[in-house]
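Okay, structure first, notes after.
Throughout, numbering of the chain's residues begins at 1 and tracks the sequence. All figures in this text were calculated on a predicted structure; none of them were measured in a lab.
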Amino acid sequence: MLDQLWAPRAWLPGGWRERVLLDIGRDGRWSAVTPDVDAPPGAHVAAGPLLPSLVDAHSHAFQRAFAGLAEVREGTSADDFWSWRERMYAVAQRITPAQLRAVAAQLCVELLRGGYTQVCEFHYLQHDADGRPYADDPLAMAWTLADAASDAGLGLTLLPALYERAGFRQPALRPEQRRFRLDAAGVWAAARRIESAGRPLLGAGLAIHSLRAAAPESLAALRDLSEGFEGPIHIHVAEQAAEVQDCKAALGERPIQWLYDQGLLDARWQLVHATHATRKEIAAVEASEAGVVLCPTTEANLGDGLPDLEGWLAAGVSLSLGSDSQVSRDALEELRWLEYGQRLHLRRRNVAAAPGLQQPSTAARLFDAMVAGGARAAGEPSWGLTPGARADALVADGDADALAGVPPARLLDALVFASPARPWRDVLVAGRWAIQDGRHAQGAGIAGRFRSAMEALWNEA
């Protein structure tokens with residue numbers, strides 16, 4: 001593990017600073033960050049501009065086995081989220097623990113290369129293919145995901161998910177959902193076991209798949225069980241317009257408003273997608289201090305719609321990014337899509353910029369927001385190049401074409417909006433290099449196991 005890292009230029013809170021020395025404690029966290037100093041003897045010198053990594057605040061690892069394989073429309077009917085979901089179930093029904101480990105490890109390496117050093121895994125693929133808990137350990141799939149993250153050297157916040165019914169008016173699960181069953185007591189027990197495992201870089205939180213998949217009394221039970229729990233609580237909500245209408249018909253309110261009116265929301269909660277939120281609901285989320293996880297490439301891929309980004313930013317709601325269905329594993333692509341979707345919809349440029357708030361840079365405002373929001377989504381006390389945060393960082397390739405000739409003050413703008421290729425030369429996690437010179441030490445073996453798993457999965461299909 002490194003003791004000291006020195007960077008000629010680093011993105012600190014407030015923007016770029018020159019000649020920055022970062023001290024790393026034995027706990028793998030930044031103990032001091034000092035700008036405007038020369039590199040002391042023995043310090044590792046970063047090979048390019050240094051930036052904070054990001055948290056991938058919403059992931060379904062098994063869906064990496066499905067990425068890019070649902071882009072053909074079958075039949076004459078329209079293709080949408082709901083038809084995509086049926087095809088996704090086919091993968092969920094047959095993937096084995098060994099295949100999941102291979103797929104998830106490959107995903108974790110790709111996430112590291114894409115600028116993420118922590119992932120929040122929204123975990124609902126719980127049981128054996130017949131729907132029964134694994135005999136040796138009901139958490140077999142959870143430990144498989146933890147092993148995969150460890151293989152890659154990526155931090156993991158594991159979120160076992162409450163999932164008990166097929167819909168608001170469908171009290172039973174469908175056969176293809178039988179691997180997902182977990183009630184409130186099971187979620188709480190799983191999170192406690194994960195939290196107490198003592199594995200490096202592993203944390204735990206709670207998840208509720210959605211209001212359609214969990215009865216109101218189950219949410220109340222989980223709230224009671226988790227009283228005093230300080231970890232994050234994630235839920236899919238208001239992703240689809242049809243979901244909003246179904247919720248109004250069943251519960252009498254829009255889903256975000258219902259959560260707020262039930263007194264469930266607080267600073268631990270992360271609302272995943274929240275695409276179809278009204279300004280009244282945005283104000284409710286602000287009042288509750290809950291956060292929102294946006295997944296731009298997945299929301300685009302599935303035709304979900306566009307969030308009210310201006311509304312969320314104006315309200316000061318904590319925001320973070322998620323790779324979700326894994327059609328992209330690149331944090332900068334998510335930031336681009338987040339802004340570009342707004343530009344296409346509103347026919348304006350630099351929608352997320354805030355000149356009146358002394359933040360005229362779209363890239364800087366979004367990047368800083370996601371750094372801060374990612375900490376909350378992952379249950380971390382802080383994030384970024386600041387004392388007390390985990391010693392994670394990204395080293396950009398200063399020789400990349402997209403950065404050639406760019407003035408130092410505009411490097412972040414160029415990284416986000418002029419860098420379609422991966423810019424990260426090195427990636428640091430808890431004071432240790434996970435990627436060096438673009439290479440992962442275990443990458444070749446992980447990639448080989450991934451290819452074998454994919455061949456087995458799709459040959460079986």
Sequence neighbours excluded, the answer for side chain to side chain donor-acceptor pair (under 3.5 Å) partners of Trp30 is none
What pairs with Asp426 under side chain to side chain donor-acceptor pair (under 3.5 Å), at least two apart in sequence or on another chain?
none
Mind jotting down which residue pairs meet the ring pair (Phe, Tyr, Trp, His ring centres under 6.0 Å) criterion with at least one end in residues 424-447? Sequence neighbours excluded, please.
His44-Trp433
CZ/Arg390 to CD1/Ile24 distance, rounded to the nearest 0.5 angstrom?
12.5 Å
With rounding to the nearest 0.5 Å, note down the distance linking CG in Leu159 to CD1 in Ile235.
12.5 Å
Residues 225-233 side chain polar contacts: donor-acceptor under 3.5 Å, at least two apart:
residue : atom : partner : partner atom : Å
Ser226  : OG   : Leu222  : O            : 2.7
Ser226  : OG   : Arg223  : O            : 3.4

Glu334 side chain vs Thr297 backbone, donor-acceptor pair below 3.5 Å
yes
Under 30°, 30 to 60°, or over 60°: which ring-plane class applies to Trp84 and Phe66, parallel, tilted or perpendicular?
tilted
Arg19: which residues meet the side chain to side chain contact (heavy atoms under 4.5 Å, CB included) condition with it, sequence neighbours left out?
Trp6, Asp36, Asp38
Test ring pair (Phe, Tyr, Trp, His ring centres under 6.0 Å) applied to [X] - qualifying residues, sequence neighbours left out:
X	answer
His276	none
His58	His60, Phe122, His236, His273
Phe417	Tyr340
His123	none

Among residues two or more places apart or on two chains, list those pairs meeting side-chain hydrogen bond (donor to acceptor under 3.5 Å, both in side chains) that have a residue in [range].
range	answer
residues 143-163	Arg101-Asp151, Gln118-Thr157, Asp137-Trp143, Asp147-Arg199, Tyr163-Gln177
residues 284-294	none
residues 312-322	none

Quiz question: by atom type and distance under 3.5 Å, do the side chains of Glu243 and Ser210 form a donor-acceptor pair?
no
Quiz question: by atom type and distance under 3.5 Å, do the side chains of Trp11 and Asp368 form a donor-acceptor pair?
yes
For Arg178, does the CZ atom have more than 12 heavy-atom neighbours from other residues, nucleotides or ligands under 6.0 Å away?
yes
Assess the residue pair Val406 and Asp413 against the criterion (side-chain contact (heavy atoms from CB on, under 4.5 Å)); give the C-alpha distance rounded to whole Å, side-chain angles, the decisive distance to 0.1 Å, and a yes or no.
CA-CA 9 Å; Val406 173; Asp413 304 280; over 6 Å; no
